[in-house]
Structures are given as C-alpha cells and as structure tokens.
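Report on the following structure.
Computed from a prediction, not measured in an experiment: that's the story for all the values here. All chains are named by letter (A, B, ...) in the order of the sequence lines, taking the proteins before the strands, and each is independently numbered beginning at 1.
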2 protein chains.
Amino acid sequence: MLINSLLGIFVTDKKERGKPSITLIDVAKHAGVSPMTVSRVLNNLSIVKSATKEKVLASVAALDYSPNQAARSLASGGTTQICLLYGNPSSAYLGELLVGALEAVGKHGLQLIVNRVPSDISIEELQKNLDSSWDGLIIPAPISDLEGIRRLVEEEGFPTVFLECGEVSGRAHDIGIDDYQASKDMTEYLISLGHRRIAFIQGPPNHRTSTMRLSGFHDGLADADVEVDKELIVEGAFTYRSGMQAGLNLLEASNPPTAIFAGNDDMAAGVLAAVSEKGLKVPKDVSVVGFDDSPIATTVWPHLTTIRQPLAEMTEYAVRLLSEVIKEPGKQMKKTHLLEYSLQMRDSACPPTKT
Amino acid sequence: MLINSLLGIFVTDKKERGKPSITLIDVAKHAGVSPMTVSRVLNNLSIVKSATKEKVLASVAALDYSPNQAARSLASGGTTQICLLYGNPSSAYLGELLVGALEAVGKHGLQLIVNRVPSDISIEELQKNLDSSWDGLIIPAPISDLEGIRRLVEEEGFPTVFLECGEVSGRAHDIGIDDYQASKDMTEYLISLGHRRIAFIQGPPNHRTSTMRLSGFHDGLADADVEVDKELIVEGAFTYRSGMQAGLNLLEASNPPTAIFAGNDDMAAGVLAAVSEKGLKVPKDVSVVGFDDSPIATTVWPHLTTIRQPLAEMTEYAVRLLSEVIKEPGKQMKKTHLLEYSLQMRDSACPPTKT
DNA sequence: CGTAATCATGGTAGCGTTACCAGATCGTGA
DNA sequence: TCACGATCTGGTAACGCTACCATGATTACG
C-alpha cells in the first residue's frame, strides 16, 4: 500500500499583500488587444500573429505580469497532477529531489503528489495503488530498478520519467547523467594523480548504473594504457557494509591498490572504514573516491572526492518534460536526457606515496 | 541572499478525471440551505445555528465533498503563504521536513515557499530577504541557532515556528521532542544493558539541544546511582570528525568506557570510525549510540542505536500551528510543543563484555 | 472584382468559492 | 399585540482566467 500525501502545487506570485495584482486584463489594455489574445499568447502560442504576440509579450514584461494559477486552474477545470514516488522519507536524496520538483511544478502550474512506496512492494500492489487521475509519474532510483516496473507504466499508459534508470521504452523517458563518461573522467583523474593500481568496486550488476560506471572505469584505464588487473575489480551491493567488506578484501591482497574507486558514496564510506581498520590513512596510504555526492560524502572524514549528480535539476527537468508530453501527447521527443555532472575534488584522493 | 523557489500548494481532490466534481452548491441543495450557509459552516463555524451546521456537515459527509482550493483562493483573493527555510538541499533532513510540510500545507489550503539560506548568511542579509508577503515562517535547526534570529523574527512580526530550538519568546513557537527525557531514556537503556562506564560526547554548548541531552545523560546516571566520571564527558561539534577525534581520545584513556553515547548520529558514526581504527569492534568491545536517527544511522555498519525524531510530524504540526495563529492572531496557545520520540534499538549496542 | 475559404481576434459565459449587504426569523419588552 | 434589536440566512457580484462561438480581417481563386 502506498503511504501518503496528495498535494497540489501552484505558484502564486508574491504580489504586495493587499495591493491588487496585475491581471491579464491589465496586460490586454496595455498591449491594446483583448484579454483572450493575451491568454492565447500565454498558452497556445500558435495561432496568434507573431507581431501581436510580441506586443503582448512586451506588455507582460513591462507590467511584470504573471498569471494567477488558482484562476487558471479554476477556469480550465482541474489541474494536471504529477506523482513523484519515493522510497524512504529519510532518504538522503529526497530533499533535493523535492526541491527541484516543487520549483518546476510551481512554475508550470501543476500539482505534485508525493507518494511513498515501501521498499518491499510488489508490482501488483503498486499497480493497485496507481491512481488513474494522475497525469504523469516520476520514478527515481531505486524504485526504478523494481523488476517489471517499466512494463507496468507502459501498460497503464502513464507518461513517465525515470531518473537514472538508463534504458527506457515506449512512451517513457529517462533523465540522468552520463555515468559512463563521469566514471571515465574520475578514472582519468586518478591516473592524472599518478595512480596505476586502481581498484573498482562495482554495484549490483543488475543496476544499469553499475555496469555503466564499470565500463567507464575500464575504458578510462584502457585509454591511458594502464593494464586492468581483474583482481582489482570486485563486486559490492551499493551499501556501506559491502563497501567495507570489499575494501578489506582489496587491502589484504598481496599487491594492494593505491587507489579505490567505489561505485557509489555509501560504499566509498565503507572503504574508508576498512582502510582505518587496517591501520592505514586516507588519502596518504590509499586514495578513495566515490560517486553520487550524497550527504555522506561530506559527513565522513576525510570528505570524499566524488561525482556530483544534479538531483534537483533532474526532477525539475522531469516535471518540465512531463508537462510538455501531457500537453502534446503526440510530440516526438528524445527518450534519454543527460544532464551535466561535476567532479568534486575533496580530501580523500591525492597522488600515491612513492614506495 | 536567499536562493530559491517560491511555491504554492493546494490540495485538489482526486476526483475521477472528467467527471464533474461535487460543489458546495450540491451540498447546499442536499442540505436544503443556501450555498453561503455551507461556505460559512466550512469557514466561520461561528454564526451558524448549530442545527443547521450539523445538517450541512452531514451532507458534506454524505456527498464526500471537499472544497476546491483553487476557487477558494481565487474568491478570497490570495492564499496564505508559509515559508520554510532550509540550509542545504542535500541535507539529510530536508526530505522528511518537506514531506510533512507538504502534506499539512495541502490539507489546510496554504501555500508553501521553500527557501534556501546559505549557512554563512548574516542576520542583516537574512532580514533583507524576508518577504513581507509571507504569513508565517518555519525555521528548523541549524538555522534556528543563528545568533539573533529570534530577535529578528520578533521584530519583523512574523508568526514563526522554530524546530528543535528550545526556548522561544514573544509570538514564536517551538516544536521539538523532549531532548532531556530522550537522552535520559537512552542512558537508562545503556545502564539496563549493564554498562557502568559510559562516556558522553556533547555537542557545541551554545546549542540548547546539546545541553539538554547532556543533562538527561547526567540525571540518567544519577538516578541509577552510577557515578559520573568527568573524564568521560567530552565536547564535540556535532560533526563526524569531531566525534571521531573524541572517540579516539576516549579510547586512549587509561580506563576507557564500555559504551559511548554521542550527542548526535554524525558524531556516533565518527566514533565508529575511531573504534575500528583502534582495532576494536562495535558493539563487542564498546557500544556506541547516537541521537537523531539521521540517514547515516542506517548507512554505517553496524546500524546505530539511536533516538528517532519525528521530523515529518514536526513540520506538519508546525504548519497546522501557523495556520491557526494566522487565522486568529490573538489566540493564546502553548509556546512549546513536544512530540513523541522513540528509541531505535539496532546493532551498535549490546551488554558489555565481561573483563 | 466578388465570393468563399482561411486566419486572427473579440465577446460572452462560466469555473467554485467568498464578501458584502439585504432580508428573514426569532425573542423580548412595552 | 407590535415594534425593535439580535441573530441567522439568502442573493448577488465579484475573483482571474479559459472554452466556446461569433465576428472581422485577410487571402485565394475563378
């Protein structure tokens, strides 16, 4: 059963309290056209002559007008609702996801429904709880990794945006970063620091991000003509504990790495723990880097060098996308959208100490 | 400068798409009164004869009517806006705070504005960015710890709810948990496990929560007739690193503790790192507990035994409170509101090993 | 040059609610 | 019994916007 909150969201402009706000009629007068024309400019944007359109747009700008979403939704009989699924209210990501979604949803005059999905939900149960009144769906990882969820949304016919899930089919979209390239960049950074024996801790191989990050690592090494040591590529589960275990194994090897690249920050933090358990220091004895820039990256000490994902931008983009798709269902659009990531250089990586 | 997003929130009921929804006029007909009376019942609740009121309420229930917030806000010319300040979009807490606030804000037909406050903001700058169109303010920790912020909101006259800040004056309110009692409970739990040498890592003494938690610890020991060893009470900064350092110091002492109670989870996680650096195991060699149940508590291994704060409930309550205060400015209300906390027993604490 | 088709725009009528004022009902005292 | 205030209730007109249909302006073609 889905737990939670049905919410609607509008932006209403911060007009000075009490003072009457600028309406579409004011704009119409100022531009010398009828209110209807203004309304059309603001919505259809199509059948209005471009000269008129410009005039109106100029007036809108001059008067600093912004439409009253309440009136808009009242007149057009209902608002489009977008549902964001999430797994855990205390998830580190949720805050950023919501901030982005809220902002966009306000700007576009949509409503946001935020729904909790228990991590052990079955596809059948999820299906039962999908509400046909929703106009769109945003599904972030790790829910997007649920077996069969892509088929489900396809069958139900929901315009859907997956976050960081990779492959999408049918009418669904995906928004993420270029995990492959980001991982390659990180690998190259490590190499540029002087590391040659670099270990990689992979996430669960059924997550597309895991494999993308691994191949980025692979190719990063290959491009720099650094030999890939199979011993140094191990599998984790994207959890702290698995990272710790993997780190321990890596460090106990006969020829341990000088740097460890973990497939996400939780595992990198686990590696940090493993290193200190071995009586070693990060980054002096071994460099450790992660991926995601989750809150743990700047909590642990030393702070993790990692790849930052623009989560707020992702949901913002997702909402914008859904809004367009809902307005023009037939519209042809790119299925996969890549946003900019960035390499956060912090304190957990440095050049290897000469032996 | 405040960064971010102006948002409004309404609930609109999930009426079956397309089907006309039940309006206040339907209710009026059903109850045999005029629409105005229904409206009054739903708002004023005062000058309507109680017999009529009941009739209307019955019809509302019978028809499963719920008001259209868009129409409501349009007719009454504007919606009350509540602003939630936050420090960091990737803060672990933000998600939960938002979930609670969103739910309540929707239910009460208010708008939510979510505003980022850079951590290094000065009071003057914050003041400049306060928007007079806001009707209420929610200020969670750690922003609530800003020097002079309480005086500021008092002077500006904003109805304000602080989260977890403790003492409030004037028209402000505070919502939190009983830090003292929770800390005492945790201490008693540790004692019940058999621990006698228990260390406490305090947070910065200028945070009220720090001192409350410390005195809870103190009194917990005292009530059980366990002697307080001054050596075992050290100061941290609520950060991982400070917790790690404090843990190291504690463990290097001539007579180390069998359990360490950190004033928050970040510090407890730091202690975990310190313990493993000393080649010891948690909880076998030393028990470690925290406070807050932040995401890091269930990320690290072993999972931290800690005190859970109901963050979503806090913001939900805060919104409800503000809504009432705004409607009836004169209303006398409690200043401080305590919510239920809970002791999360996980894997980082166990009975001490006999020496 | 006239007529029909096309395009761009305007007018009107609501959407569901509340504000405001007028009217109805009631109880009370002369 | 009637007038008079107090209490309750109803009618009407917005709120700002969009749907819908009608109209005027333009072009195309015979």
How long is the line joining CG of A/Leu74 and C1' of C/dC15, in whole Å?
4 Å
Report yes if a side-chain nitrogen or oxygen of A/Ser39 is closer than 4.0 Å to either non-bridging phosphate oxygen (OP1 or OP2) of D/dT18; otherwise report no.
yes
Compile the donor-acceptor pairs under 3.5 Å between side chains in residues 151-160 of chain A and protein atoms, sequence neighbours left out, one pair per line.
residue: A/Glu154; atom: OE1; partner: A/Arg171; partner atom: N; Å: 3.4
residue: A/Glu156; atom: OE2; partner: A/Gln127; partner atom: NE2; Å: 2.6
residue: A/Thr160; atom: OG1; partner: A/Phe158; partner atom: O; Å: 2.8

At under 4.0 Å, does any side-chain N or O of B/Asn68 touch on OP1 or OP2 of C/dC15?
no
Would you please name every residue forming a side chain to side chain donor-acceptor pair (under 3.5 Å) with B/Thr336, sequence neighbours left out?
none
For B/Ala71, all residues meeting side-chain contact (heavy atoms from CB on, under 4.5 Å), sequence neighbours excluded:
A/Leu74, B/Asn68
Which residues in residues 25-38 of chain A have at least one heavy atom lying under 4.0 Å from any atom of DNA chain C?
A/Val33, A/Ser34, A/Met36, A/Thr37
B/Arg40 side chain: which of C/dT17, C/dC15, C/dC20 is closest?
C/dC20
Of D/dT18, C/dT9, C/dT17, the nucleotide closest to the side chain of A/Ser76 is D/dT18
Side-chain donor/acceptor of A/Ser323 to backbone N/O of A/Val319, under 3.5 Å:
no
Nearest to the side chain of B/Pro67, which nucleotide is it out of C/dT17, C/dT9, D/dC17?
C/dT17
Going by the rule ring-ring contact (aromatic ring centres under 6.0 Å, His included), which residues pair with A/His173 if we only count those two or more places apart in sequence or in a different chain?
A/His337
Could you state the CD1-C1' distance from B/Ile47 to C/dC20, rounded to the nearest angstrom?
12 Å
I'd like to check the side-chain contact (heavy atoms from CB on, under 4.5 Å) partners of B/Leu339; sequence neighbours left out, ordered by chain and number.
B/Ile175, B/Pro310, B/Glu313, B/Met314, B/Tyr317
Apply side chain to side chain donor-acceptor pair (under 3.5 Å) to B/Ser59 and list each qualifying residue two or more places apart in sequence or on a separate chain.
B/His30
What residues form a side chain to side chain donor-acceptor pair (under 3.5 Å) with A/Glu164, not counting sequence neighbours?
none
Those residues that, when tested against B/Ser144, pass side chain to side chain donor-acceptor pair (under 3.5 Å) (two or more places apart):
none
Just the atom pairs and distances: protein N or O near nucleotides 24-26 of chain C's N or O, under 3.5 Å.
none

Side chain to side chain contact (heavy atoms under 4.5 Å, CB included) with B/Leu84: of B/Leu98, B/Leu137, B/Asn115, B/Ile139, only one passes, and it is B/Leu98
Output the rounded distance in Å from CG (B/Leu24) to C1' (D/dG10).
13 Å
Run the salt bridge (charged side-chain N to carboxylate O under 4.0 Å, His left out) test against B/Glu340 and tell me which residues pass, sequence neighbours left out.
none
Starting from the first five and the last five pairs of the helix from C/dC1-D/dG30 to C/dA30-D/dT1, work out the angle between the resulting helix axes, to 10 degrees.
50°
Tell me which nucleotide among C/dT9, D/dT18, C/dT18 gets nearest to the side chain of B/Asn43.
C/dT18
